[in-house]
Structures are given as C-alpha cells and as structure tokens.
Amino acid sequence: MFRLIYMSEAVHQMPDEAVIAIVQKSRRRNEASGLRGALLYHEGRFIHMLEGPEAEVMARFERLRVDPRHHSLQLLGTNGIDAPLCASGMEHHDIDALPQDIAETLHEALALLNDLPPRDFSQPRPGRHQPRPMRQVLPVFSGGLAA
C-alpha cells in the first residue's frame, strides 16, 4: 500500500455542505478504485491524504492536480505503508478521533495554517501563494514515525 498527502487552497470559500458533497462523491469513486482517503478543510485550505495501490493513488493525484476547485498544490509526502489509516473510501471526521500521534500532527499542521494570513475570497489573487513547507510538521505521513 502507498500513502500520499498534499495541501492546497480552495478557489472559493466552501460551506460545510460543499465539502461534504466532495467527500461523498470521492468516497464512491475511491471505493471503486480501491482507494481510501481523508480530507481536512480549514479556512479555505485542504489537507488531503490518499491511500491504496501506488499506481491508483498517483493516477488520482494527477487528476486532482487539475481540479479547478483548488490551486497551489504542495505535495507534503509519499511513502509505502503496511496498513491504511483510513477505514473507507473517503473520510471527513473529527481529528481527535484519530490515533493520538496523528491527531497531534494534524493539530500542528492546522496551527500552521492558522498562522497564514486569512484568505480574502472576494479579491482576485495577484500571484500564486506558496504554502509554508510542512513536511517536517507531518512526519507521520511524510516519512514514517521518525521525528
């Protein structure tokens, strides 16, 4: 099995219902392809984890790279895994329900997202935002359990 994690920015602010609709549609597609995943959305930014056969994960990531609902994709990490963390084709749930080390890592990542300036979706962006490097914040996902 293989795991890929990336971060991106939404083109427009999304209400919870829109994010849930993405999760529901993704769940159906992922299950048909043997993929699992988790999606976090916070103030216009996504963190998305995909798990499954490497070829399927990479093919899905290539399709996601051109999805018009988001931009500024930053690959946070990829690695081979023994067992998936995600129980279904796509999850969107309480971070604190995850194993403690994963929850702590995601809270740290979201804290970094909170440090970024708030996104004003009413104004066009003059240039592409380059998210802060987060590979060191997500060691559980990007390189195993090494700190």
Side-chain angles (χ1 to χ4, degrees), residues 1-16 18-27 29-30 33-81 84-86 88-147:
M1 293 212 64
F2 185 76
R3 179 178 297 136
L4 178 145
I5 301 168
Y6 72 90
M7 186 172 84
S8 65
E9 287 192 47
V11 173
H12 303 287
Q13 185 70 22
M14 299 179 90
D16 289 343
V19 176
I20 290 168
I22 290 171
V23 168
Q24 290 172 341
K25 186 174 183 179
S26 297
R27 182 177 296 132
R29 285 185 176 172
N30 286 354
S33 301
L35 296 174
R36 298 170 184 225
L39 181 69
L40 298 173
Y41 177 78
H42 184 71
E43 295 184 6
R45 294 176 176 99
F46 293 101
I47 296 177
H48 188 185
M49 177 172 62
L50 286 169
E51 298 176 323
E54 184 173 358
E56 291 292 330
V57 169
M58 294 308 296
R60 179 64 45 87
F61 181 63
E62 289 305 315
R63 286 190 296 276
L64 290 167
R65 290 172 61 113
V66 296
D67 187 319
R69 295 173 290 191
H70 65 162
H71 63 90
S72 300
L73 274 73
Q74 180 181 4
L75 183 62
L76 300 176
T78 61
N79 60 300
I81 57 173
L85 289 173
C86 301
S88 70
M90 179 59 73
E91 300 174 0
H92 180 242
H93 51 74
D94 181 5
I95 293 172
D96 295 318
L98 295 170
Q100 183 179 354
D101 58 339
I102 305 296
E104 288 173 1
T105 300
L106 290 174
H107 279 296
E108 289 176 29
L110 289 173
L112 281 180
L113 292 178
N114 285 332
D115 288 343
L116 296 173
R119 195 59 216 277
D120 181 358
F121 288 96
S122 65
Q123 301 297 318
R125 304 271 322 235
R128 307 278 290 177
H129 170 72
Q130 294 299 317
R132 292 183 185 184
M134 291 181 53
R135 183 177 295 255
Q136 69 273 21
V137 178
L138 296 174
V140 172
F141 299 125
S142 63
L145 298 174

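Values in this document were obtained by computation on a predicted structure and should not be read as measured data.
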Looking at Tyr41 and His12, what are the two nearest heavy atoms and their distance?
-> OH-O, 4.1 Å

Atom pair NE2 (His48) and CG (Leu4), whose distance is rounded to the nearest 0.5 Å = 9.0 Å

Got a second to check how far Lys25's NZ is from Arg29's CZ, nearest 0.5 Å?
-> 4.5 Å

Residues Ile22, Arg69; criterion side chain to side chain contact (heavy atoms under 4.5 Å, CB included); working and verdict | CA-CA 10 Å; Ile22 290 171; Arg69 295 173 290 191; 3.4 Å; yes

Do side-chain atoms of Glu51 reach the backbone of Leu85 as a donor and acceptor pair under 3.5 angstrom?
-> yes

Closest heavy-atom pair, Leu75 versus Ile5, reported as atoms and distance to 0.1 Å, is CD1-O, 3.5 Å

From Asn79 atom CG to Phe2 atom CZ, the distance as rounded to the nearest 0.5 Å | 7.5 Å

Taking C-beta and beyond as the side chain, do Met1 and Pro84 meet within less than 4.5 Å on heavy atoms?
-> yes

Is the His70 ring parallel, tilted or perpendicular to the Phe46 ring (thresholds 30°, 60°)?
-> perpendicular

Non-hydrogen side-chain atoms of Asn30 and Arg60 separated by less than 4.5 Å = yes

Expected output: side-chain Tyr6 to main-chain Leu64 donor-acceptor under 3.5 Å | no

Output the distance between atom CZ (Arg36) and atom CD (Glu56), rounded to the nearest 0.5 Å.
-> 14.0 Å

Note: Gly34 and Pro53 closest approach over all heavy atoms is O-CD, 3.5 Å

